[in-house]
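Hydrogens, waters and symmetry mates play no part in the numbers below; they use all other heavy atoms, side chains included. Note that the numbering runs from 1 along the sequence shown for the chain.
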Amino acid sequence: MSAKMTRREFLQLTSAGAGLALAVLVTPGGLRLVPAAEAAGPGKEFIPSAWLRIAPDGTVTVVVNKSEMGQGVTTSLPMIVAEELEADWSLVRFATAPAGEAYRDPVWGMQATGGSTSIRHMHDPLRLAGAAAREMLLAAAAATWQVSPSECAAVRGRIRHEKSGKSLSFGELAGAASKLPVPQKPTLRSGKAKIVGQAVPRLDLAEKIDGSARFGLDVHLPGMLYGVIERPPAYGAALLGHDREAALKIAGVRHVLPLKSGVAVCATSLDGAWKGAKALKPRWDKGKEPTLDNASLEKRFLTALSKPGKPALVRGDTATALAAAPRRLEATYQLPYLAHATLEPMNCTARIAGGLCEVWAATQNQGGVAELAAKVSGLPPAKVRVHTTYLGGGFGRRFELDVVEEALLLAKASGSPVKVVWTREEDFRNDFYRPAVAASITAGLGADGRISAWRQRIVCPSIFARVFPDQVKEGIDPAAVEGVIDSVYDLPRMEVEYVPIETPVPVGFWRSVGHSHNAFVMESFMDELARAAGKGPVAFRLQHLEKEPRARKVLEVLAERTGWKVGVAAERSRGVALHHSFGSYLAQLAEVTVDRATGKIKVHRVVCTVDCGRAINPGILKAQVRGAILFGLSAALHEEVKVAKGGIATGNFDDYPLLSISEAPQIEVHVVESGAELGGIGEPGVPPIAPAVANAVFAATGARLRKLPMTPARVLEALGMG
């Protein structure tokens with residue numbers, strides 16, 4: 001169902017007589033619709049955010065500028081076009097856009113996928129493209145029949161003239177329609193949706209079932225070498241020596257090349273490259289901080305927590321309110337560094353030859369790849385081609401360019417195409433990790449049982465300082481404080497401080513970013529406050545949601561769907577959590593049991609209510625939320641990166657266990673449509689699950705878990721049995 005095409009190939013397909021093709025341009029004056037050939041012509045400075053083509057055979061192709069990593073954008077984005085166009089869904093196809101300025105995200109101004117923004121950013125341009133094409137087809141049919149366009153209607157891939165009963169397919173009209181002016185303000189459809197809002201089958205389903213779907217690891221080029229890199233075991237470790245000649249004696253080894261990330265071996269087979277790398281036997285010094293380990297990092301974070309931070313939010317007189325509060329509570333929470341652990345290990349293939357640089361990558365950052373390729377190759381951007389494959393998991397890891405740079409450097413140095421493939425051990429030990437966090441909260445409860453003041457301090461390494469330094473304002477990393485400074489709760493007196501901390505461990509975007517740790521802290525503490533106020537967890541939260549009707553609604557629906565007031569079987573305990581992130585509101589309830597003898601937590605059931613404004617494809621939406629819950633639950637119960645001797649000690653799934661199938665709970669997802677502005681859905685399901693489980697554990701045992709992951713040992717310790 002998919003196709004990978006170059007810009008030239010697309011223009012050839014959309015040339016005169018081939019059909020109707022449109023681009024939606026983002027210009028200083030706003031969105032503008034033009035023929036595709038005009039948008040992509042030489043010297044143009046437009047930024048087409050969506051392509052639409054209707055071929056003579058009636059097929060409708062939407063060129064998707066976002067990376068497909070399981071979240072379903074190659075279905076949901078074409079659905080938006082098909083709805084406005086009144087297309088026959090069975091004739092809708094998608095193609096993956098090449099990298100280039102023509103395919104930048106209209107909001108970000110860069111071609112990238114992340115932040116649960118694909119539908120939010122592309123929705124309006126895609127609707128315009130579909131509506132404009134529909135009006136052009138209507139005009140073409142009306143001219144053919146010598147009638148008014150108002151007498152015609154688009155219905156499931158055809159234009160009909162109701163009075164005469166005549167009809168023509170989109171394909172039959174595409175050529176004539178392509179010669180008409182493009183309407184700049186097409187009328188958008190109204191009334192009941194026919195495609196949007198339906199759980200239509202995914203367009204990429206067939207190729208993912210039959211194995212024809214192409215991921216980064218599937219790329220193979222003639223004459224390709226495999227690149228394997230021996231890397232330092234500790235941060236900042238310098239290379240003291242290696243046996244280059246021994247590596248070159250291994251069958252198939254062609255090159256031994258130095259890189260800033262280590263020493264690379266290029267060979268004609270992956271096995272040969274691995275054997276060559278092993279033969280290198282590199283020697284390293286002890287690195288930047290040879291005593292760095294989990295214990296020393298924890299001490300560093302807790303020490304930083306005692307220091308004043310940079311004010312991220314100051315609202316009301318918190319100090320006076322805390323002093324006057326009849327009751328005050330304090331708590332400290334800790335979260336570890338986390339790996340991405342994508343199913344498909346990091347890989348990239350590059351070729352620099354014949355005045356052209358090509359990159360095949362499972363990437364979330366096509367724009368960054370293209371820019372890096374031009375820099376490394378020394379070629380102009382017009383001579384760079386980036387081919388985006390399917391991604392075997394992204395979670396923010398594939399926004400980074402480290403493996404791409406390695407492939408490019410080795411291709412340039414060797415003069416051959418090079419495919420770099422990381423082992424699972426390399427992946428775990430050379431990640432850009434979800435930051436570790438320490439946070440403290442002091443809050444006061446008034447005589448009315450409401451929160452009278454809230455003071456929070458967050459110690460967290462900065463992601464943005466490295467990736468987008470221009471977005472760090474007055475020393476505040478926006479990811480470190482998100483979900484706190486914009487909390488849904490009515491807290492008229494609130495202070496939030498951010499304490500930046502630097503460690504050798506590099507950090508990056510991880511699914512739901514700062515919300516992943518801040519939701520655990522806030523929602524766990526909300527539960528503690530509810531208990532102290534003598535109120536139920538749901539009632540206490542609702543008391544502080546008077547100004548947030550959408551948040552209130554998802555919590556009320558959750559209580560209704562789960563019979564919160566009725567309760568459940570005595571052997572299970574319940575915990576709830578609520579969070580707003582990426583424009584969406586979610587509430588979750590977890591039902592758990594705790595084995596007091598072993599400390600093992602069993603999550604039996606999770607119920608989630610979600611309001612993302614409008615569900616484009618409810619099936620994909622629910623699948624994404626279920627996946628996010630499992631992703632977050634795995635981190636909550638098991639995941640923690642181990643640091644030792646100045647580097648990452650975690651090497652594989654034997655010491656970084658993920659949630660197993662036998663541990664997966666029953667998951668129910670209920671969509672609460674508000675008709676509000678569209679929210680994201682790929683990430684918001686992650687943040688609430690950890691606090692929901694922790695709150696359920698407290699309900700079951702009376703033990704409060706303030707440190708993740710919630711391992712059996714920590715449960716026993718909290719129970720006073722460790």
Side-chain angles (χ1 to χ4, degrees), residues 1-26 31-41 44 46-66 68 73-100 102-104 106 111 122-141 154 156-159 168-184 186 195 203-204 388:
M1 301 292 287
S2 70
K4 308 298 188 291
M5 65 173 68
T6 66
R7 181 171 175 163
R8 175 172 296 182
E9 289 168 339
F10 183 78
L11 290 176
Q12 289 172 344
L13 285 171
T14 59
S15 59
L20 170 62
L22 297 180
V24 183
L25 313 179
V26 181
L31 296 176
R32 179 170 167 240
L33 291 139
V34 298
E38 177 185 335
K44 299 296 180 183
F46 301 128
I47 304 176
S49 55
W51 297 99
L52 164 63
R53 173 179 174 264
I54 303 172
D57 65 359
T59 57
V60 176
T61 301
V62 177
V63 182
V64 177
N65 65 342
K66 296 294 181 178
E68 174 58 63
V73 291
T74 50
T75 299
S76 54
L77 295 182
M79 285 177 69
I80 297 167
V81 175
E83 180 68 46
E84 284 296 331
L85 185 60
E86 290 276 5
D88 180 347
W89 182 249
S90 68
L91 295 176
V92 176
R93 307 288 185 267
F94 73 90
T96 302
Y103 303 99
R104 288 182 176 182
Q111 189 176 357
M122 298 306 302
H123 181 266
D124 290 352
L126 288 170
R127 286 194 72 188
L128 282 173
R134 172 172 40 81
E135 290 193 358
M136 294 169 75
L137 292 165
L138 286 166
R156 203 182 176 195
R158 301 186 70 84
I159 302 297
L168 290 168
S169 71
F170 285 1
E172 291 171 313
L173 292 166
S178 68
K179 298 178 176 63
L180 299 177
V182 180
Q184 294 306 302
I195 297 175
L203 295 181
D204 59 4
T388 306

**Request:** Report the residues that fulfil side-chain contact (heavy atoms from CB on, under 4.5 Å) with L138, sequence neighbours left out, ordered by chain and then residue number.
**Result:** R134, C152, I159

**Request:** Decide yes or no for L203 and T74: does some side-chain heavy atom of the first lie under 4.5 Å from some side-chain heavy atom of the second?
**Result:** no

**Asked** For the residue pair A177 and L137, what are the closest heavy atoms and their distance?
**Response** CB-CD2, 4.0 Å

**Request:** Answer whether the closest heavy-atom distance between the side chains of R127 and E83 falls below 4.5 Å.
**Result:** no

**Asked** Closest approach of A99 and Q111, non-hydrogen atoms and distance?
**Response** CA-OE1, 3.2 Å

**Request:** Nearest 0.5 Å please: distance from the CG atom of L20 over to the CG atom of L52.
**Result:** 6.5 Å

**Request:** To the nearest 0.5 angstrom, please state how far the CD atom of E68 sits from the OG1 atom of T388.
**Result:** 12.0 Å

**Request:** Return the minimal non-hydrogen interatomic distance between A87 and F170, and the atom names on each side.
**Result:** CA-CE2, 4.0 Å

**Prompt:** Which is it for N65 and M122 under the side-chain contact (heavy atoms from CB on, under 4.5 Å) test, yes or no, and what are the steps along the way?
**Reply:** CA-CA 9 Å; N65 65 342; M122 298 306 302; 3.7 Å; yes

**Prompt:** Got a donor-acceptor contact below 3.5 angstrom from the Q184 side chain to the V182 backbone?
**Reply:** yes

**Message:** Less than 4.5 Å apart, side chain to side chain, heavy atoms only: is that true for V60 and L91?
**Reply:** no

**Message:** With rounding to the nearest 0.5 angstrom, report the CD to CD1 distance, E86 to I195.
**Reply:** 7.5 Å

**Nearest-0.5 Å distance that lies between atom NE2 in H123 and atom OG in S76** = 10.5 Å

**Item:** L85: which of V62, I80, I54 passes side chain to side chain contact (heavy atoms under 4.5 Å, CB included)
**Value:** I54

**Exercise: identify the closest heavy-atom pair between V64 and F94** = CG2-CB, 4.2 Å

